[in-house]
Amino acid sequence: MQRFCRLLAILLTTLLANGTLAAEPPLKFGVGLFQPDKDRNDATYRPLANYLSARLDRPVELRTVDSWEGLAKSLANGETDMALMGPWGYVLANNEAGAQVVSTILYDGKPEYFAIMVTHPNSGIHSVADLKGRTFAFGDKGSTSGYLIPLHYFMTQGINPDTYFAKTLHTRHQAIETQVTQGLLDAGADYNRNRNAMIEQGLIKAEQSRIFWQSAPLPNDAVAVSKALYADKAFVARLQAALTDVGNALKTNPALLPPHYTGFVSRDNTFYKPIRDAGLATGKLQAK
């Protein structure tokens with residue numbers, strides 16, 4: 001028996017040395033483009049990826065995906081295993097491929113944020129009624145605050161963007177804010193967290209941007225995992241515990257999250273019902 005155990009140990013050692021028994025593959029962690037460019041986004045979220053790797057005892061590869069729609073598709077088709085993504089992107093990935101939220105990010109201690117519409121103070125725009133015949137920018141079609149929620153609101157007001165505005169376009173949140181402050185756009189859709197961050201970073205001046213519409217509170221960005229990964233309940237429990245502990249970890253390592261983000265709270269699919277309802281109401285989501 002001892003001889004057998006020695007032989008088995010030698011065999012396992014040889015297989016590991018030759019890479020025949022490979023370790024678990026890296027987890028592919030997709031993150032939306034929350035920062036103005038990919039390099040800055042990678043630098044911002046790499047500490048979180050490293051933290052998760054240490055807590056989960058498994059390599060975590062960070063992947064910035066430059067559109068919300070693209071991030072939803074990457075989680076749905078298996079290019080990423082888990083993702084920090086906008087609410088609408090999560091709902092799309094859940095609907096199309098069974099991705100599941102495990103946690104919601106906290107902003108100043110709250111799991112909610114607001115969609116907004118902004119304009120230049122000198123534009124003469126004070127309400128949505130003043131937008132008729134003006135130029136308006138949405139975010140990409142995977143964006144909650146930049147597309148789904150303002151589109152839903154316009155529909156409740158009987159507004160067809162294709163005929164109501166002189167011109168519509170889809171671009172990144174940062175570009176919307178910048179072009180509005182420069183007077184290149186009459187108005188556009190954004191979210192309060194992005195506007196706050198751009199002002200604090202000196203990318204735009206507060207006095208050159210005015211909010212003229214704000215949504216009801218919306219569920220914050222989701223950490224979601226693929227359907228296959230969600231089936232591993234032990235892994236999900238470890239991931240949720242690691243994310244819940246980020247709040248305490250920030251006290252000694254504030255670089256884990258950008259300013260104002262204070263941790264994560266465990267949430268399930270029901271928390272994102274308002275986004276799902278808006279998707280169904282606009283016809284952008286097909287019930288399954």
Open item on the list: Would you say F34 ends up clustered with L203 if hydrophobic residues are merged whenever their side chains have heavy atoms under 4.5 Å apart, either directly or through other cluster members?
Closed with: no

- [ ] Find out if a path of hydrophobic residues (ILVMFWY) with successive side-chain heavy-atom gaps under 4.5 Å connects I204 to M117.
- [x] no

Task: Beyond-backbone contact of Y107 with T262, side-chain heavy atoms, under 4.5 angstrom - done: no

TODO: Please check if any side-chain donor atom of R276 sits under 3.5 Å from a side-chain acceptor atom of N95, or the reverse.
DONE: no

Task: Ring centre gap for W88 and Y272 strictly below 6.0 Å - done: no

Task: Side-chain H-bond candidate by donor/acceptor type, E200 with H260, under 3.5 Å - done: yes

Open item on the list: According to a hydrophobic-cluster definition based on side-chain heavy atoms being under 4.5 Å apart (Ile, Leu, Val, Met, Phe, Trp, Tyr only), do L48 and L62 belong together?
Closed with: yes

- [ ] Going by the ring pair (Phe, Tyr, Trp, His ring centres under 6.0 Å) test, name the single residue among H152, H170, H173 that passes it with F138.
- [x] H170

Task: Option from K284, K141, E69 for which side chain to side chain donor-acceptor pair (under 3.5 Å) with Y147 holds - done: K284

Open item on the list: Is it the case that the side chains of T80 and S74 hold a donor-acceptor pair, with the cut-off being a distance below 3.5 Å and no angle test?
Closed with: yes

Task: In one Ile/Leu/Val/Met/Phe/Trp/Tyr side-chain cluster, 4.5 Å: M85, V236 - done: yes

TODO: Taking only Lys NZ, Arg NE, NH1 and NH2, and the carboxylate oxygens of Asp or Glu, determine whether D42 and K38 approach each other closer than 4.0 Å.
DONE: yes

Task: Side-chain donor-acceptor pair present, T64, N41, cut-off under 3.5 Å - done: yes

Open item on the list: Given the ring of Y191, does R193 sit roughly above its face, with NZ or CZ under 6.0 Å from the centre of the six-membered ring and within 45° of the axis?
Closed with: no

Open item on the list: Any heavy-atom pair between the side chains of V265 and L106 that's under 4.5 Å?
Closed with: yes

- [ ] Flag the pair D57 and R238 as a salt bridge only when some basic side-chain nitrogen lies within less than 4.0 angstrom of an acidic carboxylate oxygen.
- [x] no

Open item on the list: With a 4.5 Å cut-off on side-chain heavy atoms, are I159 and K132 touching?
Closed with: no

Task: L239 side chain near M82 side chain, heavy-atom distance below 4.5 Å - done: yes

Open item on the list: Could you see if L185 belongs to whatever hydrophobic cluster contains M198? Use Ile, Leu, Val, Met, Phe, Trp, Tyr and a side-chain cutoff under 4.5 Å.
Closed with: no

Open item on the list: Measuring only between side-chain heavy atoms, which start at C-beta, is T244 closer than 4.5 Å to F264?
Closed with: no

TODO: Walk me through it: do D186 and T135 pass the test side-chain hydrogen bond (donor to acceptor under 3.5 Å, both in side chains)?
DONE: CA-CA 5 Å; D186 291 322; T135 57; 3.1 Å; yes

Task: Non-hydrogen atoms of A175 and T171 that approach each other most closely - done: CB-OG1, 3.6 Å

Open item on the list: Would you say D81 and S226 are linked by a side-chain donor-acceptor pair, where the criterion is simply a distance under 3.5 Å?
Closed with: no

Task: From CA spacing to verdict: salt bridge (Lys or Arg N to Asp or Glu O under 4.0 Å), E61, K28 - done: CA-CA 5 Å; E61 291 181 356; K28 294 165 288 185; over 6 Å; no

- [ ] Evaluate the side-chain proximity of M155 to T282: yes if any heavy-atom separation is below 4.5 Å, no if none is.
- [x] yes

Task: Polar side chain donor-acceptor pair, N269 to Y90, under 3.5 angstrom - done: yes

Open item on the list: With heavy-atom distances below 4.5 Å as the criterion, would you say the side chains of R195 and I211 are in contact?
Closed with: yes

Task: Ring geometry between F136 and F154 (parallel below 30°, tilted from 30 to 60°, perpendicular above 60°) - done: perpendicular

Open item on the list: Any non-hydrogen side-chain atom of V65 less than 4.5 Å from a side-chain atom of L33?
Closed with: no

